[in-house]
Amino acid sequence: MELIKDGKRIDGRAPDELRPIKIEAGPLYRADGSCYLEWGGNKIMAAVYGPKEAIPRHIQDSTKAVINARYNMASFSVEDRKRPGPDRRSQEISKITAEALENVILTEMFPRAVIDVNIEVLDADAGTRCAGITAAAVALADAGIPMRDIPVACAAGKVDGVVVLDLLGDEDKKGDADLPVAIAPRSEEILLLQMDGHMTVEEFDEALELALKGCREISKLQKEALLKKYKTFEEE
Amino acid sequence: MELIKDGKRIDGRAPDELRPIKIEAGPLYRADGSCYLEWGGNKIMAAVYGPKEAIPRHIQDSTKAVINARYNMASFSVEDRKRPGPDRRSQEISKITAEALENVILTEMFPRAVIDVNIEVLDADAGTRCAGITAAAVALADAGIPMRDIPVACAAGKVDGVVVLDLLGDEDKKGDADLPVAIAPRSEEILLLQMDGHMTVEEFDEALELALKGCREISKLQKEALLKKYKTFEEE
Amino acid sequence: MELIKDGKRIDGRAPDELRPIKIEAGPLYRADGSCYLEWGGNKIMAAVYGPKEAIPRHIQDSTKAVINARYNMASFSVEDRKRPGPDRRSQEISKITAEALENVILTEMFPRAVIDVNIEVLDADAGTRCAGITAAAVALADAGIPMRDIPVACAAGKVDGVVVLDLLGDEDKKGDADLPVAIAPRSEEILLLQMDGHMTVEEFDEALELALKGCREISKLQKEALLKKYKTFEEE
Amino acid sequence: MGISSVKKDYLYRLAKEGKRPDGRAFNEYRPIKIERGVINMAEGSARVSIGHTTVLAGIKMDIGEPYPDTPEEGAMSTAVELIPLASPDFESGPPRADAIELSRVVDRGIRESKFIQLEKLCIEPGEKVWIVFIDIHVLDYDGNLFDACSLAASAALMNAKIPNERFEMGEDVPMPLSDPPVSCTFVKYNGAIVVDPSLDEDEAAEARHTIAVDKKGDIRAMQKGLSGSFTVEEIKNNINNARIISKDIRKILEG
Amino acid sequence: MGISSVKKDYLYRLAKEGKRPDGRAFNEYRPIKIERGVINMAEGSARVSIGHTTVLAGIKMDIGEPYPDTPEEGAMSTAVELIPLASPDFESGPPRADAIELSRVVDRGIRESKFIQLEKLCIEPGEKVWIVFIDIHVLDYDGNLFDACSLAASAALMNAKIPNERFEMGEDVPMPLSDPPVSCTFVKYNGAIVVDPSLDEDEAAEARHTIAVDKKGDIRAMQKGLSGSFTVEEIKNNINNARIISKDIRKILEG
Amino acid sequence: MGISSVKKDYLYRLAKEGKRPDGRAFNEYRPIKIERGVINMAEGSARVSIGHTTVLAGIKMDIGEPYPDTPEEGAMSTAVELIPLASPDFESGPPRADAIELSRVVDRGIRESKFIQLEKLCIEPGEKVWIVFIDIHVLDYDGNLFDACSLAASAALMNAKIPNERFEMGEDVPMPLSDPPVSCTFVKYNGAIVVDPSLDEDEAAEARHTIAVDKKGDIRAMQKGLSGSFTVEEIKNNINNARIISKDIRKILEG
């Protein structure tokens, strides 16, 4: 299977082009903040609860809030049904997601508290961890959690030897390398970075730059979604 | 397989007839209250402990006692050996059993306490949840737990299109519907009611009336068993 | 397979002969006390942490320290890979090991404390529970835990009808009986004793005497290992 | 979990006046919305809202062995996930008794109404059958999960195809179905019995009664829950009301 | 768990005078009662009482693959369930170390005495063998579970049939057995060693010694438990006493 | 877990002066020691020390079915056990997120560099393949487990044989391998970035960056961890440093 043909990818995109992205802030009624995100074939719902007292007490941190992120794939979100409950992959993603989000949240303002961040992957087509972080960031902002920036994530990668932005499922499976990145967009500090595959240092530099470009574009969409919600509020 | 032939059921019973039932109050030495029940092919042991302080504290209710019911089938009580430990079915039965019993127990008298109700199915031939509640009620009375009534349970159902009382194993497997019911016999309020299968509204009304009739008969046996134990005490 | 030929065992030992044993006290940097033990084909690492406050509180004993022993086999220590985590065998061994060690530790000196004893079987060739206790005892002494004696363990058994000392893997699998014993060497009180197989009373008496002889020899090696470590300290 | 006593008193007072906190009549259902085919990866899916309560059901199928006692029938399995996304009261971890009861009641409604024609899901008798996994994610919990989950499960099944292509067994075909059950749930508090409880009503409820009704108005499954009781008369009333109300719900489901 | 210090002092004082709280001699067993065939659904069963301690053992059999190292032998598995029905100290949940040690000691007694003739439970070498599940439910715990469970397991096996009919393999036949082991347990407190401990004695015990004796009086399995110690002399005495006492128990078991 | 604020202040102060608590330069690795073939029962094994940190990797192999999407390839599995022997902060029980992340990063380094030639571990396409279990026991935790575990895994694989004899498939042969990855880990605290963190540095670390480099100096896997951040420049510097440092580590590994 050729992944790049005449400079175009299997879904017709240019190498540096994102898949279509739709972000909705605040779709859920019960959650303190929420976000629904469609990104190519991915559908993600994120919800934030808190800050609230951390229970049981032994998980409390007396100096700051604890970020409890839970990345979960719905059983029906993948080709072969996934057994419910956390597997090792989702536990790793939950951990690095919590760490990336903790970076920007002003956790010192809420000692002994917990902020629950729930990310549900409802439909999956590669790039769900980046989509999850991007959605969670909007949900955190929607919940009014004080943050020094709104994080955003996007992957770059390499397929058929070409460095490309935002891999879809078949590119991820048959490609050469994947590089998910999350940043704090103002400072462009890197909050999350993973890589697997095979890249020369030059390819890595190119891919990282491409991922940053993707992050910048998506950051705008996040802010538009939040703005839209607040406008709707004002209009009401 | 014909389940009804010449108006008789496979074990020779009439449609509105119960299987033989034997109830013994207080057979166990350690438990605060206990009951051994044989009901057709079912053999049930129930034991009650408490009221005692609920531990850990977070399960306490400051306004009343918590009823902790545990319905459990012995590995050897069914045709194909059951793996030890609670499965989803027994967890559901434990929950609705606790709810049915809580209705009649004067839980407000024992804030922060727990009353443990253990129901062990030692031999099973359909109707074990009704048998379990019936036995647990006697064990509660035997333990001296204050109750506004002694609950009792019995199932009705439909086999070969006929509404019948108290299904046995093959009737349950091959029958059309099953309707387990628990009541507080004085007021005939319904504490537990489940149904699966297919019944018209008319059939349901008939089956419910039959189940109530069964409950009334068994209620007498419960009281006789309790009386017998106390008589024995007095005679000693 | 003949296990005894011309009075010699499959590895050339006499019936009352131990396998080669090497004991090193204090090989680990982090642990409060540790021991590395090679005993025939067995390789065991033991580490002791504590006494330290027992957490959570409900495991505390207000009159003495709790001994928390954990016997664990590495996945790669046996022919067919063992799944990580405790199985029923290792839970039983952990329990009787903790009980044997508790006997000699002056636990009353540390109320509300816990002493963690970790025994890792890295390479296994029969007799690992005795090797584990022997190593744990050295680790406890290395940690400076006050004990009224340094326990020691060794198995005897019966192969091809002959009572022998210290069974190796093939003797254990194909032999007639196994008798692991742990003692407090000064008083020769028996701290641990298990037996499986088939022995007459006379054979048992002979095997027990042989196991005690083994214990006495190994006790010397334990003391030499501890002495060597302290000498090294003094020389430094 | 747990409703404040102030709110409970308020509900009790309203109930005595024949009113509900959101202004509905005792027998009035909230608006229902069904979106079908919302998940690409699933064999079938539906997102159902009842008021603010939203649940998402997805169907996945796999090939496996039949149960020994039904060698010529496919198998089905229903699991409701009360994920912490949907409510501050839901916790991660293995399903608790609440979620298990819910799953099993939804399952019984489908199973006992023979909604899935399991006998048409046999591939090789005794060897290979289709297994239908009905997974239901609660996304927003604002009361009455029993009906929402049941409705989502039915709608998702009606949207599902047998994935023959993925298993290299020819073309996809629709899921073989008969008429769906419709679930109707009542709760009782302070003597009042209301249909389709909102969150506050769920939390104030003393007793709950769920009835799965088929197209003819017959009863296929029933579950009384919680520690409160019903009289025989109340049970019968609930059934009559369920038969009436379920007709409207069925129109939305089949529409 | 845990005995009050007053009660402990009382036991200690009695022990010094050579007495036990229930008036038994140190080497005196409580009355044993065995009822066989009490469970219809089981392949074999027995309810055993030793004093007020009551346990129920049921045998179930299934067909499975043999272990790779014994391709021509059936398999056995023993599990004691310390269900919370039997004692305020037993908790629900996965078995704790206590129950595991107990299960394994009972299992070893049966296994090492070759009571079940596993080589006769082979159906097709390397492919299909009978698996014997020995499940023991403790119903009333008043001391000495090691012996009660062992006795119930043996009696249930002696009552068991191979369920050939259920598996459409011909007629049921008796379980192939040799001579049963008999388990005899001693505990030591304050210097005294007593057989068949009552509940109070179990709780006061510093050391425990269980010996499984065969018909010839040979030893088949042994377990020393708890943190107390025995002298070599005490171990030998226990063995001698076990050989004597087990003869009476064997009569009841084989009777 | 958790470093005292006094110690942290001390590390911070040193870092500002370009110093580390054990006197190393920022880019200086601790001494590495590798012992191979230390476990008889394992197909291959290695004990690796980096300073006082010691880990033991053992390789076991078994025959199983291939994954459906790679029918002609063997399979591999990597598990790091943070056993309580190695640190007062490690607990028994199922692996926590720390151990899972560690296992998965070690696994990715090996997998993405195609170190094990999985296509040579096929026995019968679609039916039988070798499964390689890489189990890593941490024995002494004094910092930088990512590199220690990765190094031990590689060394153990290089020491391993395919156990054909045990499975009666002929003679044992060496594990089919290509070039090993070399993992290099940096942590950042108070603005300083140091390689091969000691325990105190691990505990003071705000951000962590692990890079798996192949023989040519290309990148095969990478993981940024913890809640701190890196600038793009810092990431690139780490990569350059990893390419240099990994050459020395590779010599020790291949030596």
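Quick caveat, the model's predicted, so the values are computed rather than measured. What you see below is based on every heavy atom in this structure, not just the backbone, and it leaves out hydrogens, waters and symmetry mates. Just so it is clear: chains get the letters A, B, ... in the order the sequence lines come, proteins before strands, and each one is counted from 1.
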Contact leader toward chain A among F:T231, F:L226, F:T210, F:I239, where contacts are heavy-atom pairs under 4.5 Å =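 Heavy-atom pairs under 4.5 Å are most numerous for F:L226.
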Under 4.5 Å from any heavy atom of chain F - which part of [X]:
{"X": "A:L101", "result": "neither"}
{"X": "A:L179", "result": "side chain"}
{"X": "A:L193", "result": "both"}
{"X": "A:L208", "result": "side chain"}

task = Give me the ring orientation class for F:Y12 and F:Y189: parallel if the planes are under 30° apart, tilted from 30 to 60°, perpendicular past 60°.
result =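 F:Y12 vs F:Y189 ring planes: parallel.
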key: Between A:K173, A:E102, A:R89, A:Q91, the one whose heavy-atom pairs under 4.5 Å with chain F are most numerous   =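 Highest number of heavy-atom pairs under 4.5 Å: A:R89.
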task = With a 4.5 Å cut-off on heavy-atom pairs, point out which of A:K95, A:E202, A:E203, A:E188 contacts chain F the most.
result = A:K95
key: Heavy-atom pair with the smallest gap, counting every atom of A:A156 and A:A207   = CB-O, 3.2 Å
key: Minimum heavy-atom distance between F:V80 and F:S103, given as atom pair plus value   =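 Heavy atoms of F:V80 and F:S103 come nearest at N-OG, 2.9 Å.
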Checking [Y] against [X]: is there a side-chain donor and acceptor pair closer than 3.5 Å?
{"X": "F:R13", "Y": "F:N190", "result": "no"}
{"X": "F:N238", "Y": "F:N241", "result": "no"}
{"X": "F:D200", "Y": "F:Y10", "result": "no"}
{"X": "A:N42", "Y": "A:D125", "result": "no"}

key: Electrostatic pair A:E92-F:R108, nearest N-O below 4.0 angstrom   =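 Result for this pair is yes, salt bridge flagged.
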Electrostatic pair A:E17-A:R9, nearest N-O below 4.0 angstrom = no
ask   = Could you name the residues of residues 211-225 of chain F that have a heavy atom within less than 4.5 Å of a heavy atom in chain A?
value =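 Checking residues 211-225 of chain F against chain A gives F:D214, F:K216, F:G217, F:D218, F:I219, F:R220, F:A221, F:M222, F:Q223, F:K224, F:G225.
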note = Applying a strict 4.5 Å limit to non-hydrogen atoms, the region of F:R243 in contact with chain A is side chain
task = Applying salt bridge (Lys or Arg N to Asp or Glu O under 4.0 Å), name anything that partners F:D62, two or more places apart in sequence or on another chain.
result =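 Checked F:D62 against salt bridge (Lys or Arg N to Asp or Glu O under 4.0 Å); zero matches.
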